[in-house]
2 protein chains.
Amino acid sequence: MQMKTGVEQSVYAILILNMLPDKAVLPGEAISQQLGASPTYFQKLLRKLVSANLITSVPGVKGGFKLRKKAEDIRIYDIYLAIEGQQSLYSSSGVMHGMLDLEEEGCCLLTDLMQEAESSWQTVLKRQTIASLYEEINVGYQPKVQLLQQWIKEKMVM
Amino acid sequence: MQMKTGVEQSVYAILILNMLPDKAVLPGEAISQQLGASPTYFQKLLRKLVSANLITSVPGVKGGFKLRKKAEDIRIYDIYLAIEGQQSLYSSSGVMHGMLDLEEEGCCLLTDLMQEAESSWQTVLKRQTIASLYEEINVGYQPKVQLLQQWIKEKMVM
DNA sequence: ATAAAGTGGATAATTATTATCCGCGTTATA
DNA sequence: TATAACGCGGATAATAATTATCCACTTTAT
């Protein structure tokens with residue numbers, strides 16, 4: 001039971017897009033290269049972020065991706081949800097039904113507890129936004145962030 | 001990202017073992033049958049529960065499994081941990097390293113948040129015990145539980 | 001001795017996740 | 001208006017995780 005690596009990649013991708021000047025756009029391949037992700041699969045992740053309305057895509061020669069929302073309006077949870085989907089961490093496989101020979105389907109003693117646990121988990125993921133991560137990275141890694149900014153200027157298209 | 005079905009099966013297995021008279025023991029195959037689980041794989045799950053000191057096994061002709069702890073001392077979390085292992089839901093894949101070209105390995109902006117989220121999730125799983133589930137099942141499904149008790153008396157060995 | 005149980009290792013089957021490929025639509029620009 | 005660089009979506013393959021099976025072994029009641 002492990003979170004998909006796509007969630008982490010997406011978070012950093014969005015962090016990069018957040019450094020992009022307004023109106024500018026960054027090709028998917030450039031991002032995937034910088035993150036060391038497989039280009040084709042990473043494109044799929046970007047699609048999910050587009051579907052979730054977190055980023056927008058621009059087709060054509062000077063196309064690419066950019067943020068759709070402000071950094072303070074993108075919670076880690078939003079990205080998690082976009083990539084992992086809304087299926088819950090736990091779903092009963094109906095063991096109770098067999099054990100007690102019940103008529104009704106789908107009843108399980110664990111459902112409520114698990115739902116509560118998941119809510120609790122999600123609540124924490126809703127606490128932090130891209131804006132707060134951006135601040136954190138700026139404070140802790142200023143020189144490296146400067147270099148990244150430089151790279152973005154080279155790769156972006158307007 | 002889904003919890004293993006083995007966790008649910010294990011919870012109900014332990015619930016069954018909890019209805020067992022003291023000193024009695026129940027063969028693994030009987031349990032797996034009642035739960036509709038694959039016998040051989042279910043045996044592996046039982047092994048994990050033994051390793052986690054939640055149940056004990058007795059080899060030999062009149063062998064089987066029984067609880068090692070009292071129902072009120074077995075939290076859902078203990079079972080979850082026994083089956084899923086202690087690896088966390090999230091582990092960084094080092095994307096940040098590539099993005100910022102850092103020297104240090106293993107630093108990730110998400111680690112703290114994810115750790116906190118997971119703790120929060122675990123806390124909820126620690127709230128409920130086998131004892132409380134047993135009570136719940138007794139209140140809601142009394143007649144069916146009676147039948148289960150009957151079945152246990154048939155299958156158990158002392 | 002034998003049969004019924006658990007143990008541990010090797011291995012296969014299944015499912016989920018990650019990755020690639022290709023043909024298509026869109027758009028800047030030569 | 002042709003072309004090249006990009007995103008889009010579907011099909012498919014490769015890899016990894018999970019679930020399942022098999023077998024030789026130990027233990028123990030009868």
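Just so we're on the same page: letters track the sequence lines, and every chain starts at 1. Only heavy atoms go into these numbers, but all of them, side chains included; no hydrogens, no water, no symmetry mates.
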K.L.:
A:Gln43 side chain: which of D:dT19, C:dA19, D:dG7 is closest?
P.N.:
D:dG7
K.L.:
Is the shortest side-chain N to carboxylate O distance from B:Glu84 to B:Lys48 below 4.0 Å?
P.N.:
no
K.L.:
Let me spell it out: for each of B:Gln9 and A:Val58, pick the nucleotide of DNA chain D with the closest heavy atom. Which residue's pick is nearer the 5' end?
P.N.:
A:Val58
K.L.:
For the residue pair B:Gln43 and B:Ser32, confirm or rule out a side-chain donor-acceptor distance under 3.5 Å.
P.N.:
no
K.L.:
Under 3.5 Å, is there a donor-acceptor pair between the A:Tyr90 and B:Glu8 side chains?
P.N.:
yes
K.L.:
Return the value, rounded to whole Å, for the distance between atom NZ of A:Lys23 and atom P of C:dA28.
P.N.:
14 Å
K.L.:
With nearest nucleotide decided by heavy atoms, which residue, B:Tyr41 or A:Ser51, maps closer to the 5′ end of DNA chain D?
P.N.:
A:Ser51
K.L.:
Starting the side chain at C-beta, find the nucleotide from D:dT18, D:dA29, C:dA28 nearest to B:Lys4.
P.N.:
D:dT18
K.L.:
Does A:Gly60 or A:Ala37 map to a spot on DNA chain C nearer the 5' end, using the closest nucleotide for each?
P.N.:
A:Ala37
K.L.:
Could you state the atom-to-atom distance from CE of A:Met156 to P of D:dC6 in whole Å?
P.N.:
15 Å
K.L.:
Check every strand shown and say whether B:Phe42 touches a base, only sugar-phosphate, or nothing at a heavy-atom separation below 4.0 Å.
P.N.:
nothing
K.L.:
For A:Leu45 and C:dT17, give me the distance from atom CG to atom P, rounded to whole Å.
P.N.:
12 Å
K.L.:
Atom CZ of A:Arg47 to atom C1' of C:dG25: distance rounded to whole Å?
P.N.:
13 Å
K.L.:
Would you mind reading off the distance between B:Lys48 atom NZ and D:dT18 atom C1', rounded to a whole angstrom?
P.N.:
9 Å
K.L.:
In whole angstrom, what separates A:Glu29's CD from C:dT20's P?
P.N.:
11 Å
K.L.:
Nearest to the side chain of B:Pro27, which nucleotide is it out of C:dT20, D:dT30, C:dG6?
P.N.:
C:dG6
K.L.:
What nucleic acid atoms does A:Thr40 come within less than 4.0 Å of, heavy atoms only: base, sugar-phosphate, or nothing?
P.N.:
base
K.L.:
Nearest whole angstrom, please: distance from the P of D:dT19 to the CG of B:Leu46.
P.N.:
15 Å
K.L.:
Could you tell me the separation between the NZ atom of B:Lys155 and the CD1 atom of B:Ile31, rounded to the nearest 0.5 Å?
P.N.:
11.5 Å
K.L.:
Could you tell me whether A:Gly63 contacts a base, only the sugar-phosphate backbone, or nothing, with contacts defined as non-hydrogen atoms closer than 4.0 Å?
P.N.:
sugar-phosphate
K.L.:
Can you find a side chain N or O atom of B:Thr5 that sits less than 4.0 Å from OP1 or OP2 on D:dT19?
P.N.:
yes
K.L.:
Given D:dA29, C:dT20, D:dT18, identify the nucleotide with an atom nearest to the side chain of A:Pro39.
P.N.:
C:dT20
K.L.:
Scan A:Met158 against the nucleic acid and name what it touches under 4.0 Å (heavy atoms): base, sugar-phosphate only, or nothing.
P.N.:
nothing
K.L.:
Report the nucleotide, chosen from D:dA5, D:dA20, C:dG6, that has the shortest atom-to-atom distance to any side-chain atom of B:Ser57.
P.N.:
C:dG6
K.L.:
Please pick, from C:dA4, D:dT30, C:dT29, the nucleotide with the shortest atom-to-atom distance to any side-chain atom of B:Val61.
P.N.:
C:dA4
K.L.:
B:Lys4 versus A:Met1: any side-chain heavy-atom pair under 4.5 Å?
P.N.:
no
K.L.:
For the CG atom of B:Leu26 and the CE atom of B:Met156, what is their distance to the nearest 0.5 Å?
P.N.:
9.0 Å
K.L.:
Rounded to the nearest angstrom, tell me the gap between atom CD in A:Glu84 and atom P in C:dT17.
P.N.:
7 Å
K.L.:
Base, sugar-phosphate, or nothing for A:Met1, non-hydrogen atoms under 4.0 angstrom?
P.N.:
sugar-phosphate
K.L.:
When only distance counts, do a donor and an acceptor, one from the side chain of B:Lys44 and one from the base of C:dG9, lie under 3.5 Å apart?
P.N.:
yes
